[in-house]
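Protein chains get the first letters and strands the later ones, always in sequence-line order, with residue 1 at the start of each.
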2 protein chains.
Amino acid sequence: MQNFTYHNPTKIINGKNTQKEIGNILANDDIKSVLLVYGMNSIKKSGLYDEIISILKEKNIRVVEHAGVKSNPVLTHATKGADLAKSHKVDAVLSVGGGSVLDECKAIAAGAKVDFGIWDFYTAKAVAKEALPIYAILTISATGSEMNSGSVLTNEATSEKFAFGSLVTFPKVSIINPEFTYSLPTEYLIYSAVDIIAHTIEIYFTATTLPLIQKRFMENILKTVIETTEKALKAPKDYDARAEFSLAATWALNGLTKPGTGGSTFPNHMIEHSLSAIYDVAHGAGLAVVILAWMKYFKEERREIFTRFAKEIFQVETAEDGIKAFEAWLKKIGSPTTLEDLKIEKSDTLDIAKNAFISSTNWGMSKKYTTEVIKDILDLA
Amino acid sequence: MQNFTYHNPTKIINGKNTQKEIGNILANDDIKSVLLVYGMNSIKKSGLYDEIISILKEKNIRVVEHAGVKSNPVLTHATKGADLAKSHKVDAVLSVGGGSVLDECKAIAAGAKVDFGIWDFYTAKAVAKEALPIYAILTISATGSEMNSGSVLTNEATSEKFAFGSLVTFPKVSIINPEFTYSLPTEYLIYSAVDIIAHTIEIYFTATTLPLIQKRFMENILKTVIETTEKALKAPKDYDARAEFSLAATWALNGLTKPGTGGSTFPNHMIEHSLSAIYDVAHGAGLAVVILAWMKYFKEERREIFTRFAKEIFQVETAEDGIKAFEAWLKKIGSPTTLEDLKIEKSDTLDIAKNAFISSTNWGMSKKYTTEVIKDILDLA
């Protein structure tokens, strides 16, 4: 087992009607003004926007609005948010939405405290030492952003999609009401499931040190996502399925799968980020396609864990059959599984591979992921 | 699934040689003086005492010593510690030892900030609103105290063994070096294993709401403890076994097994606390005996989960066979399984039951645990 440090100061509140607690939480922390950050119209349609505004008004909390976060959040919009937070001198950032909104909020919270451009955090030119406190009301469970410090942003000018995180960008409090996911379009549920699976298997398959307690922990997350996705597809208002799904999402990327493991990398995320930076494909959709291709490419290197995956998750015997079963499951839930499904031409794989290779240092990837190798992987998609 | 709040601000550092980090950690937090709390002679024999003293000296951190914590820590000694912390105006409490030392440190840290007696926290007459920061170097993995706010103390005058905890009594940083457990006497390993199992199965068997993700999470902890205990008994210096054991111990009582569950109670701890308050039996030894008796008594009420336990943990079919397999495993690792093994007379069960019943309100237990019922359970031991 590897040495590890685990520290996650975020407070998670999960359950029915929990969004109503935001007023007391902010008031108790002496927050008098917030930058309210959200995406497009969905929280207005659902009534959540009105509910939050009325709660904030009741507590006399001043609200500055920053709407229009994209589902792959972009640098220009985040920069505008940081400028707003600075000019209006807000006490905190309040994220209402999914992982994309929260990721942009982390950029804004850190950006509001510095005089240079936010992108410097993402290129590791600067380290975030302070940030406005971040509060979140989560409407989609997928990215795990509610309980980690990570933020992924796309620089539209350079088509780069990079990540950063620091101790100051953990949300202070994240509120998750699984009922909010009842009304999500089906493809959001599917992409969310893939995203959680991706967070889990990046470590599961790539770690060179992997204690048994962690193998089982990750298999538990995978089984939970598979079971609850199927339940929620059949009955969108199955509360227990939605709530267990949300717990699996939080656990998959709050650092808990890491302790004691070593040597893991995120090749699928690296490749998918380039894909969705260029094509504006949903993150989960891109991941499903990349993962399947990568599994086929990578299975020889870690045959033992691929065989275990096959047995534990799909009750089949060989690594190959495990991958086939996973592919069949993705098709069954309605996920894309090929580049063709994403309407990406095979002739474009070299461009994606080049973009991904440029970012590989940023991802701390091993040197084996050359442009040629990444293209080879994409050609399996 | 039940609504939940999860918040655990403790930073965990686990691994070889990690005790060496304590100097930088304290210096970075601007700690200039500590109350150094420890037990008897073991840390002096092992050389850890000298190592810590020399690290603290190097960082110019003033040290006030408070030695002699008992393995069931007592109120009078904790009160003395709080008085020392107050009179010497220390900045922090540094726990070097196992869960007992850490539990007493929590009492001291909160007690140093108030003018009334510490016991008021344990009888819920007072709530701890502030405390000195607590840093810990853990030498035994068992109680989970390194990553929770809980503290158990015995009032010798009244033979009461009560618990308390508050957000301010979470350790700020806990350092765990699994190598420290190499030299522990075998019975410590056995009792530690039982303690971790007890923390897990109290929730596992008593919860009235128990999501599948949590069932599997707890079964993972149980399997890990069983496997790694056997490995460490065979080869005390099996680092990976010791390290996975330590991770299971931390996870079993850091709050992670609770989210989404509902209705759980701690009957085994309630009864064992009375037993060890009266007889000064090791907590883990008492627990092993109480758990087996309680399982026999309780299995009808939750047959489904007892049957699942039998299948998942011991690969046998019925609830009864699961309990028998657990009893056989306890015997195999050398744990006591009966009151007789603890040298407690059957005629004493009424006294233990009376003491336990008095504490049942404090434990928030359901009314069914009357003196008669508790005596019935103990008579099965």
Side-chain angles (χ1 to χ4, degrees), chain A residues 1-18 21 25 147 167 170 172-178 209-225 227-228 231 238-248 250-251 254-256 259-262, chain B residues 1-18 21 25 147 167 170 172-178 209-225 227-228 231 238-248 250-251 254-256 259-262:
Chain A
M1 201 166 108
Q2 299 288 310
N3 285 16
F4 70 84
T5 295
Y6 182 78
H7 185 207
N8 193 321
T10 299
K11 181 178 193 168
I12 291 286
I13 300 172
N14 179 310
K16 292 177 184 174
N17 290 316
T18 45
E21 298 179 32
I25 289 167
M147 201 180 180
L167 188 57
F170 279 93
K172 187 159 188 205
V173 181
S174 285
I175 294 173
I176 303 155
N177 179 347
T209 306
L210 191 55
L212 184 52
I213 188 171
Q214 289 293 22
K215 280 185 194 136
R216 284 193 293 240
F217 183 61
M218 290 186 254
E219 286 155 7
N220 185 5
I221 293 172
L222 295 174
K223 288 174 191 172
T224 302
V225 172
E227 292 155 4
T228 56
K231 283 185 188 173
D238 180 335
Y239 180 79
D240 287 335
R242 295 288 189 173
E244 285 203 52
F245 186 94
S246 73
L247 188 53
T250 302
W251 276 4
N254 70 354
L256 275 179
T261 69
Chain B
M1 201 166 108
Q2 299 289 310
N3 285 16
F4 70 85
T5 296
Y6 182 79
H7 185 206
N8 192 321
T10 299
K11 181 177 193 169
I12 291 287
I13 300 171
N14 178 311
K16 292 178 185 174
N17 290 315
T18 45
E21 298 179 31
I25 290 166
M147 201 181 180
L167 188 57
F170 279 93
K172 187 156 188 210
V173 181
S174 285
I175 295 173
I176 303 155
N177 179 346
T209 305
L210 191 56
L212 184 51
I213 188 172
Q214 289 293 23
K215 280 186 194 135
R216 284 193 292 240
F217 183 60
M218 290 186 255
E219 286 155 6
N220 186 6
I221 293 172
L222 295 174
K223 288 174 192 174
T224 302
V225 172
E227 292 155 4
T228 56
K231 283 185 188 173
D238 181 335
Y239 180 78
D240 287 336
R242 296 287 189 173
E244 284 203 51
F245 186 95
S246 73
L247 188 54
T250 302
W251 276 4
N254 70 354
L256 275 179
T261 70

Under 4.5 Å to a heavy atom of chain A? For B:F217 that would be both
On a heavy-atom basis, the closest approach of A:M1 and B:A243 is CE-O, 3.4 Å
CG of A:N3 to CD1 of B:I176, rounded to nearest 0.5 Å, is 11.0 Å
Closest non-hydrogen atoms of B:H7 and A:P9, given as atom of the first, atom of the second and distance, are NE2-O, 3.1 Å
| message | Is it the case that atom NZ in B:K231 sees more than 12 heavy atoms from other parts of the structure closer than 6.0 Å? | response | no
One pair to check against side chain to side chain contact (heavy atoms under 4.5 Å, CB included): B:I213 and A:N220. What are the steps and the verdict? CA-CA 6 Å; B:I213 188 172; A:N220 185 5; 3.7 Å; yes
Interatomic distance, CG@A:D240 vs CD@B:Q2, rounded to 0.5 Å, equals 9.0 Å
Bottom line for A:N8: the part with an atom under 4.5 Å from chain B's heavy atoms is backbone
task = Evaluate the side chain to side chain contact (heavy atoms under 4.5 Å, CB included) criterion for residues B:W251 and A:L256: first the C-alpha distance (whole Å), next the side-chain angles of each, then the deciding distance (0.1 Å), finally the verdict.
result = CA-CA 10 Å; B:W251 276 4; A:L256 275 179; 3.9 Å; yes
Rounded to the nearest 0.5 angstrom, the CZ-OG1 distance for A:F4 and B:T18 is 9.5 Å
Heaviest contributor of heavy-atom pairs below 4.5 Å to chain B, chosen from A:E219, A:M147, A:Q214, A:R242, is A:Q214
Okay, B:A241 and chain A: the region with an atom under 4.5 Å from a heavy atom over there is neither
Are any non-hydrogen side-chain atoms of A:L247 and B:P259 less than 4.5 angstrom apart?
yes
By salt bridge (Lys or Arg N to Asp or Glu O under 4.0 Å), B:E227 pairs with (sequence neighbours left out) A:R216
